[in-house]
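So you know, we letter chains A, B, ... as the sequences are listed, proteins then strands, and number each from 1.
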Protein chains: 2
Amino acid sequence: MVATSCFAEQLTRHVPLSDAEKTALTKLEENPRKIKRGAMIQRANEPITELFVLREGRVMSFVILPDGSRQILRVYFPGDFIGSASTIYSRAPESLVALSDAVVCPFDKHALRRLLEEHPRVAALLFLLSNAERVSMTDRLASLGRTSAKARVAAFLLDMFHRLRVTDDNIKDSFELKLTQEEIGDSIGLTSVHVNRMIRQMEQEGLISRSNGRITLLDVKRLEDIGHYTNRHKDMDLDWLPAS
Amino acid sequence: MVATSCFAEQLTRHVPLSDAEKTALTKLEENPRKIKRGAMIQRANEPITELFVLREGRVMSFVILPDGSRQILRVYFPGDFIGSASTIYSRAPESLVALSDAVVCPFDKHALRRLLEEHPRVAALLFLLSNAERVSMTDRLASLGRTSAKARVAAFLLDMFHRLRVTDDNIKDSFELKLTQEEIGDSIGLTSVHVNRMIRQMEQEGLISRSNGRITLLDVKRLEDIGHYTNRHKDMDLDWLPAS
DNA sequence: CGCGTCCTTGAATCGGGTCAAGTCTAGTGG
DNA sequence: CCACTAGACTTGACCCGATTCAAGGACGCG
């Protein structure tokens, strides 16, 4: 048994890895770095050569438009692979900021190249997970483009919930959001004021409840209905990956 | 010189390929199939095992929400790789319909697996391009979440324009849209009525002009400004890919 | 010629944004 | 232990951009 990294652990949830593969992945996490809440990890438009594995805490990626408004693109959880854009662009298309105190493990993109060369199976797996991210992105597109404010909030909460559950088995029906209502709004294309209205409404209707930053989903079925949510994590099927 | 496939041709725009790689890619396109405008290539939620290379024409992917509204996720052009979702999901997350008469080359996902196994460099390249798609998806997210109707139309037109130019060098300032205004609306989260109003307004302001389905961009600079558009195709940098 | 699809335009409506004025809470320092 | 403060949450009144509804026009095709 080799010491498994945070990233390898995430990947083995999908498909078994050989020890050699695990060791290689662990190398990516040799340089953990502590990050304070609110600190910027990467600034949009600046040259980049690093990627990251998020080991602890939460990180968000976002862009700021010329009029000053912000679109949050994604919230990352421990085990996530961050900054894959730097594999293709020499300048960062998006900014990265820690939403909570966090630990990230930066590594050079050439280290990733070597990994892909030496472990084609890992390359294939990363390709697949990149496709999965693309699909979850399309779900959000549909949410922003075609659903009401209430539906977006519902879908957002469900997405957080199910993603957290992938790595944390003891989450039953509640979780720490760790995002302000303004940040929620910036994720789903609403103002903080309207996010607040929707959340209160959903609380009054008995869909959710809150106590100091913790959200409890009281009626997941109805939330899924309101948010037009489909849980993609269920029917993933990576069987066809090259055998190890 | 081996006969290059449509897909290989697309890839070599980014990075040189060996003859062996080209041959392998060409194999994916052994079974061209003609598709009529409007025909469904893949229906959301149905089992899938096939992927496609689009050789001719245009194809769109979309989802229909329970209330009947449609979100178009992406418009594909010749040389594009379609349906990468089937690498991870056994049921299609999105539908595929031909926007014009088209030729697609279906291939089994196991053929892709063999390709990834035998040609790790191609696997890495696909991983990169998948990342590029993810980035262009985030651009659209920001557009839908945080910009006005006019900005979205401008960004949409510029995106079509620049993507067509990647493969077609003789496009100077005009192109065939081949989408109805309703389809444009379903791409950018607007109604066809409002798309029409924005297009007419932009026409009156001298930003664009139209004649029987052909759009001419008269003032690209100002359009980019209005649409908060950034052309991602320019500063792609795939140099670090494993050497062939 | 007639029919269907797409485009165009106006009027009324509404969802969500904006502005503004609180309230609540966790820190902070005296 | 309490006053002070800053950031986040809450709520109301008003406004505006986009949708909805509806009706007509243009064009291509069988």
Undergrad: Nearest 0.5 Å, please: how far is NE2 in B:His162 from NE2 in B:His233?
TA: 7.5 Å
Undergrad: Can you tell me how far apart CD1 (B:Ile88) and CG (A:Leu129) are? Round to the nearest 0.5 Å.
TA: 7.5 Å
Undergrad: Taking only the side-chain heavy atoms of A:Val193 (C-beta and beyond), determine which of D:dT11, C:dC6, D:dA18 contains the nearest atom.
TA: D:dT11
Undergrad: Heavy-atom nearest nucleotide on DNA chain D for B:His194 versus A:Glu203: which residue maps closer to 5'?
TA: A:Glu203
Undergrad: Just how far, in rounded Å, is P of D:dA18 from CE of B:Met198?
TA: 6 Å
Undergrad: From the list C:dG16, C:dT8, D:dT10, which nucleotide is the closest neighbour of the side chain of A:Arg200?
TA: D:dT10
Undergrad: So which one's nearest nucleotide on DNA chain C is more toward 5', A:Leu190 or B:Ser192?
TA: B:Ser192
Undergrad: Classify B:Arg37 by what it touches in the nucleic acid, base, sugar-phosphate, or nothing, heavy-atom distance under 4.0 Å.
TA: sugar-phosphate
Undergrad: Heavy atoms only, 4.0 Å cut-off, all strands: where does B:Arg197 land among base, sugar-phosphate and nothing?
TA: base
Undergrad: Using salt bridge (charged side-chain N to carboxylate O under 4.0 Å, His left out) as the criterion, point out the one residue from A:Arg55, A:Arg74, A:Arg163 that pairs with A:Asp80.
TA: A:Arg163
Undergrad: If each of B:Val195 and A:Glu182 is mapped to the nucleotide of DNA chain D with the nearest heavy atom, which maps nearer the 5' terminus, i.e. the 5' end?
TA: A:Glu182
Undergrad: Just one of A:Ile41, A:Leu96, A:Val53 clears the side chain to side chain contact (heavy atoms under 4.5 Å, CB included) bar with A:Ile82, so which one?
TA: A:Leu96
Undergrad: OP1, OP2 of C:dG16 versus side-chain N and O of B:Arg146: anything below 4.0 Å?
TA: no
Undergrad: For a quick check of understanding: with a heavy-atom distance under 4.0 Å over all strands, which category does B:Arg152 fall into, base, sugar-phosphate or nothing?
TA: nothing
Undergrad: Any idea which of C:dG16, D:dT10, C:dT8 is nearest the B:Asn196 side chain?
TA: C:dT8
Undergrad: Using atom CZ of A:Arg214 as one end and atom P of D:dA8 as the other, report the distance to the nearest whole Å.
TA: 20 Å
Undergrad: Given D:dA18, C:dC6, C:dT9, identify the nucleotide with an atom nearest to the side chain of B:Ser148.
TA: D:dA18
Undergrad: Say whether, by atom type as modelled, one donor and one acceptor occur between the side chain of B:Arg140 and the main chain of B:Val135 under 3.5 angstrom.
TA: no
Undergrad: Nearest to the side chain of A:Arg210, heavy atoms from C-beta on, is which of D:dA18, D:dC9, C:dC19?
TA: D:dC9
Undergrad: Which part of the nucleic acid does B:Gly189 contact within heavy-atom distance under 4.0 Å: base, sugar-phosphate only, or nothing?
TA: sugar-phosphate
Undergrad: Between C:dG17, D:dT19, D:dT11, which nucleotide has the shortest distance from any of its atoms to the side chain of B:Thr191?
TA: D:dT19
Undergrad: Mind calculating the distance between CD1 (B:Ile184) and P (C:dT8) to the nearest angstrom?
TA: 10 Å
Undergrad: Should A:Gln181 be listed as having a side-chain N or O under 4.0 Å from OP1 or OP2 of D:dT10?
TA: yes
